[in-house]
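Just so it is clear: chains get the letters A, B, ... in the order the sequence lines come, proteins before strands, and each one is counted from 1. Bear in mind the structure is a predicted one, so any value in this text is a computation, not a measurement.
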There are 2 protein chains.
Amino acid sequence: MKATIYDVAREAGVSIAAVSQVMNGKGKISEERRAEILKVMEKLNYQPSVIASALTGKKTYTLGLLVPDISNPFFAEIARAVEDQGHNLGYSLVICSTDNKDERVERYLSLLQQKSVDGMIIGTGMDNKEMLTPLMERSIPVVMIAREMPDLAVHTVVVDDFVGGKLAAEHLLKLGHVNMAILAEHTKVTSSRERVRGFMSTLTEAGIQLPEERVRNCRYTVEDGKRQAIELLEKSAAARPTALFCCNDMLAIGALQAAKQLKLRVPEDISVIGFDNTILASVTDPPLTTIAQPIEPMGKHVVDLLILELKKKSQAKQRVVMRPELIIRQSTTVPAK
Amino acid sequence: MKATIYDVAREAGVSIAAVSQVMNGKGKISEERRAEILKVMEKLNYQPSVIASALTGKKTYTLGLLVPDISNPFFAEIARAVEDQGHNLGYSLVICSTDNKDERVERYLSLLQQKSVDGMIIGTGMDNKEMLTPLMERSIPVVMIAREMPDLAVHTVVVDDFVGGKLAAEHLLKLGHVNMAILAEHTKVTSSRERVRGFMSTLTEAGIQLPEERVRNCRYTVEDGKRQAIELLEKSAAARPTALFCCNDMLAIGALQAAKQLKLRVPEDISVIGFDNTILASVTDPPLTTIAQPIEPMGKHVVDLLILELKKKSQAKQRVVMRPELIIRQSTTVPAK
DNA sequence: TTGAAAGCGGTACCAA
DNA sequence: TTGGTACCGCTTTCAA
């Protein structure tokens, strides 16, 4: 069996209060007693129970992370960043893949509460934003990453999606494209909406109009990206776009596959630009030009905000917007004339 | 504040014991009381504290998963499979990325113990296998996935690496290759060793010898795979291998990049075959022929074994070996003559 | 059936 | 300085 505080106390011939004090560095203990207790703890290989300690109102040192799917490289990379910073600060991470289903979100939220996690990091969308209010009422710290719920007072760390869309547009514009299309996510995904908005507004400034049918909403899968891209591209050279802005790397990969299937060369016949700069973007062929999210700093920052909040409650909620960056690889070039 | 069992008891005018009983479906409670209590629980939105319950000796319904790096697609996919099956059975998952560092493994092992997880799933290697014995002594259930420690009595779920290597070799042999090379992982990684062994033994059976310098040990990164592949490939057409067996998809991607840099065409000039069949294999260009591990069934199975063990202790430890499968895509073909 | 009470492993207050 | 002790929220035994 595991040694308990009682075992240590008995073995050291002191009270459990004394043991507790040396663990927490509180109270006054004579040097010799402290040394003796430490020695016994060592000898018994004593590991204090986080469970017991949590029951007395202390923290569980556990955080929950909700993402749509941990097997999706973007969220896996976020998870790693969050895990690392959490670990630095002494916290463990429970992962929760929601598949973007409200029912799963709800289940996980409830589970995490029952397990008394110290805080939650939300990186998943949800239709019903009311789901978070019970948490706030119970003052369980919540922060958001890569997603936002504007009318919720929580710390949020996102990339500047509008600027991201703008960067993509500027890049394509500079290359000389005028005839473009967009593979977007579902319209309820704010980040995607903003990316589209940034992209479109830049086109508009350049005097270019994008017909409505050139903006396709896709599910977050390679397959759907491919399907929609095919619809966009299976036209005569004159009728099809020369460049495709995809709101995430998965969709861009779908676009790449669509091009291949249609025997179109990337980038000569069709330029493709992605978003996120996950590992996927670097292994495709051709490697994907994409808009990078600073995933690691974002994860680190969101954890810092969460820990800050659960230490000293109540402070102005901040919305941290990080700057995206254009990563030029080889999936974009000047349009064929 | 959160409602406690006392709140429910008071509100319902019963003892906390009664409330506890209806929660656990134990003891005898009259139908009316049970209904009343249920109603009050509902009304107060009562959520029992897993922490408190765990302290009384019940489970925490939390599992720990140790992998080298959750941002690596292979392990992210494993994590997802494990998470799903755990979730089905009522367990949450704490992820621990070890970077294959014994020091991190140790830290996480200790942390998970302090948090009283019900069991641990090890998918990471470790140099010092002694690290697990303290767990066994404390009879904390441990199972392994995708890795093994032969002299450890734990349930293990792995793919048949030897057969995997064999499948790869047979495929290349059938295509007509005689001049091959291997990108392996570090020799301390048993799975990689077995893959190499399976591959080599099949070549030997076919009367083909592989010179020692044709087997390169790499770190688990695209970069290192690329570096080593370049060394293998930067020779005259006559002196270089016509096919490369890579012990995981990451290395295979490195090989693809090496070929590209050396202006060799895949598969015409050089065939490349990977291992794992992660999402990466489907997005490269050309798409990677690879040996698939049945990740999802493996994850499911390992969780089942773990749960089984922590329910009814003590049973013969089993080693489940799943069959790998050759997935032919477009990175392999007949050798140029 | 029902409920009083003794833990589980700590924390923290307070008296000695 | 020390240690006794009342919780924390829940489970379980046992007497009523």
(message) Does D:dT1 have its OP1 or OP2 closer than 4.0 Å to a side-chain nitrogen or oxygen of A:Arg33?
(response) no

(message) In whole Å, I'd like the distance from the NZ atom of A:Lys2 to the C1' atom of C:dG9.
(response) 10 Å

(message) In this structure, how many angstroms lie between the P atom of C:dT2 and the CD atom of B:Glu31, rounded?
(response) 11 Å

(message) Are A:Arg147 and A:Val158 packed together at the side-chain level, in the sense that at least one heavy-atom pair is separated by less than 4.5 angstrom?
(response) no

(message) From CD of B:Glu36 over to P of C:dG3, roughly how many Å is that when rounded to an integer?
(response) 12 Å

(request) Just jot down the ring pair (Phe, Tyr, Trp, His ring centres under 6.0 Å) partners of A:Tyr46, sequence neighbours excluded, or say none. (result) none

(message) Going by ring pair (Phe, Tyr, Trp, His ring centres under 6.0 Å), name the residues that satisfy it together with B:Tyr91, two or more places apart in sequence or in a different chain.
(response) B:Tyr61

(message) Closest approach to the side chain of A:Ala18, judged atom by atom: which nucleotide of C:dG9, C:dG3, D:dG3 is it?
(response) D:dG3

(request) Check whether any side-chain heavy atom of A:Pro141 sits under 4.5 Å from a side-chain heavy atom of A:Met120, and report yes or no. (result) no

(message) Counting C-beta onward and ignoring hydrogens, is there a side-chain heavy-atom pair between B:Ile51 and A:Lys115 closer than 4.5 Å?
(response) no

(request) Could you pull out all residues at least two apart from A:His87 that satisfy ring pair (Phe, Tyr, Trp, His ring centres under 6.0 Å)? (result) B:Tyr108

(message) Distance check needed: D:dT1 P versus A:Lys28 NZ, whole Å only.
(response) 7 Å

(message) Walk along nucleotides 10-16 of chain D from 5' to 3' and tag each nucleotide B, S or - by protein heavy-atom contact under 4.0 Å, base first, then sugar-phosphate.
(response) BBB----

(request) Return the nearest nucleotide to the side chain of A:Ile29; candidates are D:dT2, C:dT1, C:dG9. (result) D:dT2

(request) Please report, rounded to the nearest Å, how far the C1' atom of D:dG9 is from the CD atom of A:Gln113. (result) 16 Å

(request) Would you please confirm or rule out a distance under 4.0 Å between OP1 or OP2 of C:dT2 and any side-chain N or O of B:Arg34? (result) no

(message) Tell me the interatomic distance from A:Ile51, atom CD1, to C:dG7, atom C1', rounded to whole angstroms.
(response) 17 Å

(message) Counting only side-chain nitrogens and oxygens, does B:Arg10 get under 4.0 Å of the OP1 or OP2 atom of D:dG9?
(response) no

(message) Would you say that B:Met322 contacts B:Gln293 through its side chain, given a criterion of any heavy-atom pair below 4.5 Å between the two side chains?
(response) no

(message) Between the opening five pairs and the closing five pairs of the helix from C:dT1-D:dA16 to C:dA16-D:dT1, how far apart are the helix axes, to 10°?
(response) 50°

(request) Under the side-chain contact (heavy atoms from CB on, under 4.5 Å) rule, collect the residues that match up with B:Val105, sequence neighbours excluded. (result) B:Leu66, B:Thr98, B:Leu109, B:Thr124, B:Met126, B:Met131

(request) Starting at atom CG of B:Leu55, determine the distance to atom P of D:dC7, rounded to an integer number of angstrom. (result) 17 Å

(message) Is any side-chain heavy atom of B:Arg138 closer than 4.5 Å to one of A:Asn45?
(response) yes

